[in-house]
2 protein chains.
Amino acid sequence: MSTADGSGATGTRERIVLAASRLMQRQGYDGTGIKQISTEAGATFGSVYHFFPGGKRELAVAAIRHGDQEFGDFLREELDRVDDPAEAVAACARTLAAGLRASDWTDGCPVTATALGSATRAPEIQQAAAAAFERWRGLVAERLRRSGLPDADARELAATVVSALEGAEFAAQVSRSEEPLLTTGRQLARLISSYR
Amino acid sequence: MSTADGSGATGTRERIVLAASRLMQRQGYDGTGIKQISTEAGATFGSVYHFFPGGKRELAVAAIRHGDQEFGDFLREELDRVDDPAEAVAACARTLAAGLRASDWTDGCPVTATALGSATRAPEIQQAAAAAFERWRGLVAERLRRSGLPDADARELAATVVSALEGAEFAAQVSRSEEPLLTTGRQLARLISSYR
DNA sequence: CACTAAATAGAACGATCGTTTTAGAGGAGT
DNA sequence: ACTCCTCTAAAACGATCGTTCTATTTAGTG
């Protein structure tokens with residue numbers, strides 16, 4: 001069978017994707033070597049090229065797709081914990097800030113660092129990152145629509161929320177402070193509240 | 001004299017910083033080689049290490065500081081062209097979007113790509129990027145204060161504006177579409193307008 | 001048991017990386 | 001003319017990069 005099954009032991013391929021995603025999240029595409037990935041994953045060099053014949057670029061696409069799903073799950077889960085959508089977005093920002101601090105400011109957005117810089121050279125990577133952004137916007141928009149906002153407003157707000165959270169996470173990471181994320185969360189809540 | 005003077009011919013050192021800033025903006029820190037920088041700058045290999053004995057890291061710090069000033073000048077200039085601060089921010093986003101498209105989506109924020117990935121390893125780079133963000137927030141806050149907003153509100157809004165524009169620029173770049181920037185600009189304008 | 005395919009293991013390749021080192025060219029000051 | 005110092009020029013270094021290649025081990029099927 002080619003696709004990953006849900007068996008108990010973590011497959012080698014899955015471990016490789018996980019390590020690649022985490023390392024590229026911290027060091028970027030060019031800053032992460034395949035050797036480092038294989039070591040971190042507890043796999044051998046040959047295994048990486050066995051599962052990813054396309055080499056580093058194919059591996060980066062898989063890593064981005066993993067980050068896509070990971071952050072998507074986080075968004076869906078976090079946005080459903082509070083009734084008020086404005087407060088839900090603010091809570092989202094708070095959780096992101098706490099996680100960033102917990103990692104000592106190393107783990108930012110799992111897609112940004114991987115895509116930045118390599119996107120211009122590899123269209124496949126750029127497309128995977130674009131798909132992630134599009135999905136996240138859709139998730140937030142759906143949540144806002146569920147709270148009664150018209151589709152057009154929900155879409156505009158969702159794009160703003162995703163962009164702002166992304167930028168605030170990077171600002172917080174580079175400033176080593178939760179403040180940009182917390183501030184942006186508060187202002188996004190105010191903006192959303194202004195729509196009803 | 002050690003600092004750059006304002007003489008006519010573009011100095012070698014200045015050309016090197018310019019090339020480094022532009023290349024790292026597109027390819028990131030690790031994706032840009034010193035050899036490529038020297039070639040692009042029309043300088044020789046030795047010249048780079050003559051002007052930047054600290055090597056690549058020192059060069060990256062200089063590139064970030066250049067981008068800091070460049071984007072700061074852009075902000076100051078663009079925000080002063082319109083009376084209404086909300087409309088000024090939206091205009092800012094539109095100009096960024098147009099510039100991004102004009103470069104065929106290659107030239108994003110001059111600081112983001114350089115700092116991302118290398119910031120964890122090199123504290124000097126992280127600090128230079130943090131200083132840039134701080135300065136930009138100050139510029140926007142000053143503009144908002146000048147329009148009559150209380151200091152506390154101006155500061156919160158400024159942090160949100162800078163973070164959101166940053167994130168929207170990256171989203172637009174990776175999506176190869178002006179929309180994220182235009183949408184974010186509109187919503188930021190609405191948010192600012194809600195403060196009076 | 002033999003046969004086959006998947007997965008693991010690691011040596012080897014050419015290329016490029018950042019850096020160091022040494023040598024030469026161009027002017028300014030005495 | 002001679003010296004000092006900035007700047008240019010390029011060779012050379014060890015290290016690491018992504019990739020390819022060849023064996024070896026493991027697992028599944030007849």
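Every heavy atom of this structure was used, including side-chain atoms; hydrogens, water molecules and symmetry mates were not. Each chain gets a letter, A, B and so on, in the order its sequence line appears, and its residues count up from 1.
Side-chain contact annotation: A:T160 with A:S163, donor-acceptor N/O pair under 3.5 Å absent. Inspection of the B:S175 and A:E134 side chains reveals no N or O donor paired with an N or O acceptor under 3.5 Å. In the model, A:T112 has a side-chain atom that pairs as donor or acceptor with a side-chain atom of A:E166 under 3.5 Å.
Seen from the ring of A:Y195, B:R190 counts as a face-on cation partner, given the 6.0 Å and 45° thresholds.
Regarding B:R57, its CZ atom lies at a distance of 13 Å from the P atom of C:dG18, rounded to whole Å. Per the geometry, CG belonging to A:D30 stands 9 Å off P belonging to D:dG18, to the nearest Å. Regarding A:I34, its CD1 atom lies at a distance of 12 Å from the C1' atom of D:dT20, rounded to whole Å. As rounded to whole Å, 9 Å separates atom C1' of D:dT8 from atom CZ of B:F51. Computed from coordinates, the B:Q36 CD to C:dT16 P distance equals 12 Å when rounded to whole Å. Computed from coordinates, the B:F52 CZ to D:dT8 P distance equals 12 Å when rounded to whole Å. The distance between atom CD of B:E58 and atom P of C:dG18, rounded to the nearest whole Å, is 15 Å. Atom NZ in B:K35 sits about 11 Å away from atom C1' in D:dA12, given to the nearest Å.
Residue B:G55 is classed as a sugar-phosphate contact, given heavy-atom separations below 4.0 Å to backbone atoms only. Contact annotation for B:G33: backbone-only contact, meaning every heavy-atom pair under 4.0 Å involves sugar-phosphate atoms and none involves a base. Within the nucleic acid shown, B:S38 has no heavy atom closer than 4.0 Å to any nucleic acid atom.
Side-chain N or O atoms of A:S38 include one that pairs as donor or acceptor with a backbone N or O of A:K35 at under 3.5 Å.
Among the nucleotides D:dC17, C:dG18, D:dT20, the one closest to any side-chain atom of B:Y49 is C:dG18. Among the nucleotides C:dG18, C:dA9, C:dA7, the one closest to the side chain of A:T44 is C:dA9. Of the candidate nucleotides D:dA11, C:dC17, D:dT19, D:dT19 has the atom nearest to the side chain of A:F45. Comparing C:dT19, D:dT6, D:dT19 by their closest approach to the side chain of B:H50 singles out D:dT6. Of the candidates C:dT8, D:dG18, C:dT19, the closest approach to any side-chain atom of A:T12 belongs to C:dT8.
OP1 and OP2 of D:dC7 both lie 4.0 Å or more from every side-chain N or O belonging to B:S47.
Salt bridge A:R176/A:D104: present, at least one basic N to carboxylate O contact under 4.0 Å.
If you look at A:F170 and B:F133, their ring centroids are closer than 6.0 Å.
Across its full length, the helix from C:dC1-D:dG30 to C:dA28-D:dT3 shows an angle of 10° between the axes of its 5 terminal pairs at either end, rounded to 10 degrees.
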